[in-house]
Amino acid sequence: MPTSEPVLVCDDVSKTFVTGSPGFGRSRVSAVHRVSLTVAPGESLGIVGESGCGKTTLARMLVGLERPDTGSIRLGGRDVTSARGRERRALSREVQMVFQDPYTSLNPRMTVLDLVSEPLVVHGLHRVADERRERVAELLGSVGLSPDMMSRYPHQFSGGQRQRIGIARAIALEPSVLVCDEPVSALDVSVQAQVVNVLRGLQERLGLAIVFIAHDLGVVRHMADRTAVMYLGSVVEDADSATLFERPTHPYTQTLLSASPRMDRSRRALGERRAPLGEPPSPTNPPPGCRFHTRCPLATDVCRTERPPLRPRESGGAVACHHAEEAVGAVV
Ligand code: SF4
């Protein structure tokens with residue numbers, strides 16, 4: 001189990017997008033709101049939540065594809081958000097991303113050799129062609145693909161194999177953190193477990209920290225040592241996965257788990273399946289106070305005006321709820 005200082009620290013990070021165009025009305029979308037998270041070396045952190053809750057924006061900020069408006073992201077103690085030039089380039093090697101769709105994330109005109117060696121070329125590593133080829137063979141082997149496949153093109157592979165190629169490419173620079181944004185959601189259920197096992201194996205062998213974003217709670221439970229639940233841009237609960245899935249505290253976590261058929265089978269004792277009440281509010285006009293108060297059966301006056309901070313919970317982890325003590329088992 002991970003024991004050392006966090007390799008990745010996300011401190012009070014927010015991101016708002018302006019949408020629309022002048023003359024047709026503009027709106028501000030609060031995609032990520034005051035998120036703080038840490039990931040230890042060799043740890044896997046799952047991030048779950050409904051579609052549009054800010055998971056992908058957070059992932060893109062973690063790998064530097066978006067800049068936070070406020071807050072900071074530190075990798076190995078160095079501030080990524082303020083890094084420029086050579087320092088930023090060096091830091092970019094430390095965190096890499098595996099994308100959701102293996103069908104569109106690989107250039108169809110490039111061979112596997114070119115695809116996997118591209119990051120090495122960009123960063124000036126393994127400059128000699130034979131050495132580069134050897135390194136690509138090693139990377140393909142580490143994700144369970146035969147080095148004989150390196151002269152083929154992406155269309156000659158299945159979805160699961162393509163995602164393995166994407167993973168081989170992502171680990172080529174030996175990052176300390178891998179951010180995986182819905183890495184198995186485009187795959188058949190039968191191959192999802194194989195790809196998750198590849199990631200698990202790399203985590204153990206290379207001591208990789210993994211941020212694993214998914215909407216399938218069963219997959220996250222299998223993959224993640226710890227899980228954070230996001231609602232409308234904010235983290236509402238963060239705990240080790242066994243505790244969070246067996247004894248969810250936040251009312252939103254309870255309804256989210258209850259609404260998932262796969263999770264519900266193992267949690268019958270918590271009662272009837274129930275989806276969160278009504279539609280989520282628009283991120284262009286998030287509710288004041290606790291952002292979940294418009295759907296929460298336990299909401300009181302304080303919930304409508306004061307934002308609950310993430311506080312340590314009795315059974316471990318942290319939860320953002322004014323009524324956390326009464327909430328356990330009270331919603332479903
Ligand atoms: Fe519900 Fe209030 Fe807790 Fe928010 S703070 S989850 S509204 S009880």
Side-chain angles (χ1 to χ4, degrees), residues 10-16 29-37 45-55 57-58 70-71 213-215 217 220-221 224 226-260 263-264 267 269-332:
C10 181
D11 186 13
D12 209 17
V13 161
S14 296
K15 180 77 185 175
T16 298
V29 177
S30 170
V32 171
H33 183 63
R34 306 196 61 180
V35 165
S36 294
L37 290 168
L45 170 71
I47 300 182
V48 299
E50 287 166 294
S51 174
C53 73
K55 304 185 298 279
T57 302
L58 179 62
T70 56
I213 292 172
H215 64 267
L217 300 176
V220 172
R221 185 177 193 172
R226 227 176 78 227
T227 300
V229 180
M230 284 186 77
Y231 180 76
L232 215 60
S234 299
V235 172
V236 296
E237 187 159 7
D238 177 351
D240 72 81
S241 296
T243 307
L244 187 130
F245 283 104
E246 289 308 323
R247 205 170 149 75
T249 297
H250 196 281
Y252 176 62
T253 313
Q254 292 183 46
T255 51
L256 192 67
L257 297 193
S258 174
S260 165
M263 299 313 301
D264 186 52
R267 298 180 59 252
L270 283 178
E272 294 300 307
R273 279 173 55 186
R274 191 184 300 170
L277 305 169
E279 288 298 308
S282 166
T284 57
N285 188 22
C290 172
R291 288 187 166 194
F292 189 55
H293 84 248
T294 55
R295 303 168 84 191
C296 180
L298 306 182
T300 61
D301 286 348
V302 68
C303 307
R304 293 183 253 279
T305 54
E306 287 180 31
R307 174 182 179 263
L310 261 184
R311 289 198 200 94
R313 55 180 229 171
E314 248 177 48
S315 47
V319 63
C321 175
H322 292 303
H323 304 299
E325 294 76 23
E326 306 100 89
V328 181
V331 179
V332 292

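Remember, it's 1-based here, ligands and their atoms both numbered in the order they're listed.
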task: Look at His323 and state whether any of its N, O or S atoms is less than 2.8 Å from atom 1 (Fe) of ligand 1.
output: no
Protein residue, atom and distance nearest to atom 2 (Fe) of ligand 1, heavy-atom basis: Cys303 SG, 2.3 Å
- prompt: Is the shortest distance from a Lys or Arg side-chain nitrogen in Arg295 or Glu50 to a carboxylate oxygen in the other one below 4.0 Å?
  reply: yes
Ligand-residue contact atoms, ligand 1 with His293, heavy atoms, under 4.0 Å: 7 (S)
- line: Within 4.0 Å of some non-hydrogen atom of His250, the atoms of ligand 1 are 6 (S)
message: I'd like to know if the side chain of Gln254 reaches the main chain of Ala327, judged simply by a donor and an acceptor atom lying under 3.5 Å from each other, with no hydrogens or angles considered.
response: yes
- request: State the SG-OH distance between Cys296 and Tyr231, to the nearest 0.5 angstrom.
  value: 9.5 Å
- prompt: Of all the atoms in ligand 1, which lie at a distance below 4.0 Å from a heavy atom belonging to Cys290?
  reply: 4 (Fe), 5 (S), 6 (S), 7 (S)
message: Looking at Lys55 and Ile47, would you say the former's side chain and the latter's main chain have a donor-acceptor pair under 3.5 Å?
response: no
message: Looking only at protein heavy atoms, which one is nearest to atom 1 (Fe) of ligand 1, and what is the separation?
response: Cys296 SG, 2.4 Å
query: Measuring from Leu257:CG to Arg221:CZ, what's the distance to the nearest 0.5 Å?
result: 8.5 Å
query: To the nearest 0.1 Å, how far is atom 5 (S) of ligand 1 from its closest protein heavy atom, and which atom is that?
result: His322 N, 3.3 Å
query: How long is the span from the OG atom in Ser30 to the CG atom in Asn285, to the nearest 0.5 Å?
result: 10.5 Å
- request: Over all heavy atoms of both residues, which pair between Leu310 and Ala320 is shortest? Give the atoms and the distance, please.
  value: CD2-N, 3.6 Å
statement: One finds that the ligand 1 atoms under 4.0 Å from a non-hydrogen atom of Ala299 are 7 (S)
task: For atom 3 (Fe) of ligand 1, decide whether Cys321 has an N, O or S atom at a distance under 2.8 Å.
output: yes
Under 4.0 Å to a heavy atom of Pro251 - the qualifying atoms of ligand 1, by number: 6 (S)
